[in-house]
Amino acid sequence: KFDTELFYTLKPGNSFFNYHEFNTKIHANSAGLRDEEKALKKPKVLFLGDSHTFGWGVNQPKLG
(Lines give C-alpha, C1' and ligand atoms only; values in the text may rest on other atoms or scores of the structure.)
Protein backbone atom coordinates (compact mmCIF):
# COMPACT_ATOMS: atom_id res chain seq x y z
CA LYS A 1 0.00 0.00 0.00
CA PHE A 2 1.16 3.57 -0.59
CA ASP A 3 2.91 5.38 2.28
CA THR A 4 3.79 9.09 2.12
CA GLU A 5 7.07 8.60 4.00
CA LEU A 6 8.22 5.14 2.90
CA PHE A 7 6.60 5.19 -0.57
CA TYR A 8 5.44 1.56 -0.27
CA THR A 9 4.62 -0.81 2.58
CA LEU A 10 3.05 -4.24 2.71
CA LYS A 11 -0.63 -4.58 3.50
CA PRO A 12 -1.06 -6.64 6.71
CA GLY A 13 -2.35 -10.18 6.13
CA ASN A 14 -2.03 -12.53 3.17
CA SER A 15 -1.68 -11.29 -0.38
CA PHE A 16 -0.28 -12.26 -3.76
CA PHE A 17 2.01 -10.35 -6.07
CA ASN A 18 1.46 -11.31 -9.69
CA TYR A 19 4.14 -10.53 -12.25
CA HIS A 20 4.75 -12.00 -15.68
CA GLU A 21 7.64 -14.11 -14.28
CA PHE A 22 6.09 -15.26 -10.99
CA ASN A 23 3.11 -15.31 -8.64
CA THR A 24 4.32 -14.78 -5.08
CA LYS A 25 2.38 -15.42 -1.86
CA ILE A 26 3.25 -12.90 0.86
CA HIS A 27 2.20 -12.64 4.51
CA ALA A 28 2.77 -9.40 6.41
CA ASN A 29 2.27 -8.81 10.12
CA SER A 30 0.40 -5.79 11.53
CA ALA A 31 3.48 -3.57 11.03
CA GLY A 32 3.61 -4.47 7.34
CA LEU A 33 6.74 -6.60 7.72
CA ARG A 34 7.14 -9.97 6.02
CA ASP A 35 7.21 -12.00 9.25
CA GLU A 36 5.14 -13.40 12.08
CA GLU A 37 3.33 -11.17 14.56
CA LYS A 38 5.46 -12.46 17.47
CA ALA A 39 8.63 -11.22 15.74
CA LEU A 40 7.55 -7.64 16.51
CA LYS A 41 8.11 -8.21 20.24
CA LYS A 42 11.40 -10.04 20.20
CA PRO A 43 13.05 -10.36 16.79
CA LYS A 44 15.92 -12.85 16.46
CA VAL A 45 17.45 -11.23 13.36
CA LEU A 46 16.70 -8.03 11.46
CA PHE A 47 17.48 -7.61 7.76
CA LEU A 48 17.33 -4.32 5.89
CA GLY A 49 17.77 -4.15 2.16
CA ASP A 50 16.35 -4.14 -1.31
CA SER A 51 14.25 -6.57 -3.34
CA HIS A 52 16.83 -9.36 -2.90
CA THR A 53 16.58 -9.07 0.89
CA PHE A 54 12.80 -9.05 0.61
CA GLY A 55 12.82 -12.25 -1.41
CA TRP A 56 11.26 -10.77 -4.54
CA GLY A 57 9.60 -13.64 -6.41
CA VAL A 58 10.11 -16.13 -3.55
CA ASN A 59 7.07 -17.68 -1.88
CA GLN A 60 7.01 -17.32 1.87
CA PRO A 61 7.00 -20.55 3.87
CA LYS A 62 4.03 -21.18 6.14
CA LEU A 63 4.57 -19.28 9.39
CA GLY A 64 3.49 -20.23 12.86
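From a predicted model like this one, the values you see are computed outputs, not experimental measurements. In what follows, every heavy atom counts, from backbone to side chain, and hydrogens, waters and symmetry copies are set aside.
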- prompt: What distance do T24 atom OG1 and W56 atom CH2 have between them, rounded to the nearest 0.5 Å?
  reply: 7.5 Å
message: Working to the nearest 0.5 angstrom, can you tell me the gap between K44 NZ and K38 NZ?
response: 6.5 Å
- prompt: With a 4.5 Å limit on heavy-atom distance, are the side chains of L40 and L33 in contact?
  reply: yes
query: So do the side chains of P12 and N29 get within less than 4.5 Å of each other, counting heavy atoms only?
result: no
- prompt: Would a distance-only check, ignoring hydrogens and angles, find a side-chain to backbone donor-acceptor pair under 3.5 Å from N59 to K25?
  reply: yes
message: Closer than 3.5 angstrom, by distance alone: can the side chain of Q60 be matched with the main-chain N or O of I26 as a donor-acceptor pair?
response: no
query: If you count the non-hydrogen atoms of other residues, nucleotides and ligands that lie under 6.0 Å from CZ in F2, is the total more than 12?
result: yes
- prompt: Can you list the steps and then say if R34 with L10 is a side chain to side chain contact (heavy atoms under 4.5 Å, CB included)?
  reply: CA-CA 8 Å; R34 193 174 178 181; L10 295 175; 4.1 Å; yes
- prompt: Should the ring pair F17 and Y19 be called parallel, tilted or perpendicular, given that the plane angle runs from 0 to 90° and is split at 30 and 60?
  reply: parallel
ILVMFWY cluster, F22 and F54 together (side-chain gap under 4.5 Å): yes
